[in-house]
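In this text, all values refer to a predicted model and were calculated from it rather than measured experimentally. Every number for a ligand or one of its atoms is a count from 1 in the order of the listing.
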Amino acid sequence: MEQIISAGLEELGLTGRVPKDAPAQLTQYGQMLLKKNQVMNLTAIRDPEGVARLHMLDCAALLNFCDFEGKTLIDVGTGAGFPGMVLKILVPSLKITLLDSLSKRLDWLTEVCEDLDGVDSITTFHGRAEEFALEKEGFRDSFDLVTARAVADLRVLCELCLPFVKAGGSFLAMKSTGSGQELEEAAHAIKLLGGRVQAVHDYPIPGTGVTHRLIIIQKTAPTLKGYPRRWAKIQKDPL
Ligand code: SAM
């Protein structure tokens with residue numbers, strides 16, 4: 001796994017821009033993931049090469065489109081830590097918060113953080129994004145960056161994620177290249193929630209033939225009162 005990750009980082013042009021021990025740390029994390037996946041549902045990808053490419057390198061590619069150095073970031077619906085954990089390993093100065101509504105996954109992530117050498121200052125929270133953005137002190141309009149991968153349709157995702165972003169910060173939505181219609185349908189939600197589409201980047205994941213998409217939405221104004229709404233309302237009546 002380590003060799004694939006090292007070669008992939010090289011192909012992404014990231015060697016020399018990330019810590020020397022990052023490939024070893026990502027490998028240790030990937031091995032812990034595969035081991036725990038035998039007893040807990042963490043990922044559908046069950047082979048080391050798939051984990052290296054479709055998890056680690058997919059998330060690492062974000063470094064080519066955004067400056068993460070010293071920023072505060074919340075990863076919404078982090079699951080087994082993607083992309084949050086990978087970004088933290090690659091950019092140690094990142095101040096990262098991992099949020100998920102499933103406590104078992106967060107308990108495991110807390111263990112991973114304790115076991116990974118040199119990976120610290122990660123905060124994990126169990127809860128629902130729409131509730132945290134509304135009620136949790138220090139979360140609303142507060143983060144430089146918000147990330148989400150494979151959590152929800154973009155219209156719904158914008159309501160879950162944009163409220164966390166401070167004005168001037170960005171929401172990074174990891175999507176497939178088939179997300180064009182989703183993006184069109186999210187135009188109203190993005191505008192209403194104080195955002196604007198800043199960039200759309202398609203990037204190949206080394207050694208896979210797969211291309212993924214990063215949609216960067218910049219927050220230009222604070223979140224309107226009353227958003228995000230309750231989960232039942234968000235689902236029933238997406239913006
Ligand atoms: N981001 C990870 C990845 O790419 O591998 C996990 C993706 S998993 C398919 C979706 C995750 O989002 C689940 O762990 C789920 O518990 C979490 N989730 C879904 N809705 C959420 C919400 N409203 N607030 C917080 N977490 C949520």
Side-chain angles (χ1 to χ4, degrees), residues 26 29-30 32-34 36-37 40-48 50-62 73-90 94 96-113 122-136 139-140 143 145-165 171-179 182 189 193 203 205 208 210 212-215 223 227-239:
L26 290 173
Y29 169 40
M32 290 169 88
L33 174 73
L34 285 170
K36 192 68 180 182
N37 206 38
M40 185 193 288
N41 181 18
L42 289 171
T43 174
I45 298 168
R46 297 181 182 278
D47 63 297
V51 167
R53 296 191 189 284
L54 294 167
H55 283 321
M56 307 304 175
L57 296 175
D58 181 27
C59 298
L62 267 56
L73 182 151
I74 181 166
D75 187 22
V76 172
T78 191
F82 301 107
M85 279 292 291
V86 177
L87 296 172
K88 174 66 186 175
I89 289 169
L90 296 172
L94 201 52
I96 203 152
T97 300
L98 305 176
L99 176 70
D100 203 282
S101 53
L102 269 186
S103 65
K104 275 205 284 188
R105 290 180 177 163
L106 289 164
D107 292 345
W108 175 74
L109 276 173
T110 307
E111 280 172 36
V112 172
C113 294
I122 293 184
T123 319
T124 56
F125 281 98
H126 168 225
R128 296 201 60 90
E130 64 279 15
E131 292 170 9
F132 267 53
L134 207 59
E135 294 153 12
K136 184 98 177 155
F139 276 62
R140 191 178 177 84
F143 291 85
L145 299 169
V146 178
T147 48
R149 186 183 81 158
V151 176
D153 176 90
L154 194 60
R155 266 198 297 180
V156 169
L157 202 55
C158 283
E159 189 162 359
L160 298 182
C161 293
L162 273 172
F164 289 116
V165 187
F171 166 39
L172 312 180
M174 296 176 73
K175 287 281 168 188
S176 73
T177 48
S179 56
E182 244 185 88
L193 294 162
Y203 59 90
I205 305 174
T208 61
V210 174
H212 276 179
R213 174 171 291 171
L214 178 68
I215 301 174
T223 308
Y227 295 95
R229 300 163 299 162
R230 299 253 164 241
W231 178 242
K233 185 80 181 156
I234 295 175
Q235 251 194 332
K236 196 172 151 227
D237 185 19
L239 291 172

Got a list of side-chain donor-acceptor pairs under 3.5 Å for residues 232-239, not counting sequence neighbours?
| residue | atom | partner | partner atom | Å |
| --- | --- | --- | --- | --- |
| Q235 | OE1 | W231 | NE1 | 3.4 |

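Applying the side chain to side chain donor-acceptor pair (under 3.5 Å) test to every pair with at least one member in residues 149-158, sequence neighbours left out, gives these pairs: H55-R149, D58-R149.
F143 and L73 make their closest contact through CD2-C, 3.8 Å (heavy atoms, listed as atom of the first residue, atom of the second, distance).
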Expected rows: ligand 1 N/O, protein N/O, dist below 3.5 Å:
| residue | atom | partner | partner atom | Å |
| --- | --- | --- | --- | --- |
| ligand 1 | 1 (N) | G77 | O | 2.8 |
| ligand 1 | 1 (N) | F82 | O | 2.8 |
| ligand 1 | 1 (N) | R149 | O | 2.8 |
| ligand 1 | 4 (O) | R149 | O | 3.3 |
| ligand 1 | 4 (O) | R149 | NE | 2.6 |
| ligand 1 | 4 (O) | R149 | NH2 | 3.3 |
| ligand 1 | 5 (O) | R149 | NH2 | 3.2 |
| ligand 1 | 14 (O) | D100 | OD1 | 3.1 |
| ligand 1 | 14 (O) | D100 | OD2 | 2.7 |
| ligand 1 | 14 (O) | R105 | NH1 | 2.7 |
| ligand 1 | 16 (O) | D100 | OD1 | 2.6 |
| ligand 1 | 16 (O) | S101 | OG | 3.2 |
| ligand 1 | 23 (N) | R128 | NH2 | 3.1 |
| ligand 1 | 23 (N) | E130 | OE1 | 3.0 |
| ligand 1 | 24 (N) | A129 | N | 2.9 |
| ligand 1 | 26 (N) | S101 | N | 3.2 |
| ligand 1 | 26 (N) | S101 | OG | 3.4 |

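K36 meets the salt bridge (charged side-chain N to carboxylate O under 4.0 Å, His left out) test with no other residue; sequence neighbours excluded.
No side-chain N or O of D100 forms a donor-acceptor pair with one of T78 less than 3.5 Å apart.
The shortest distance between side-chain heavy atoms of H212 and M174 does not fall below 4.5 Å.
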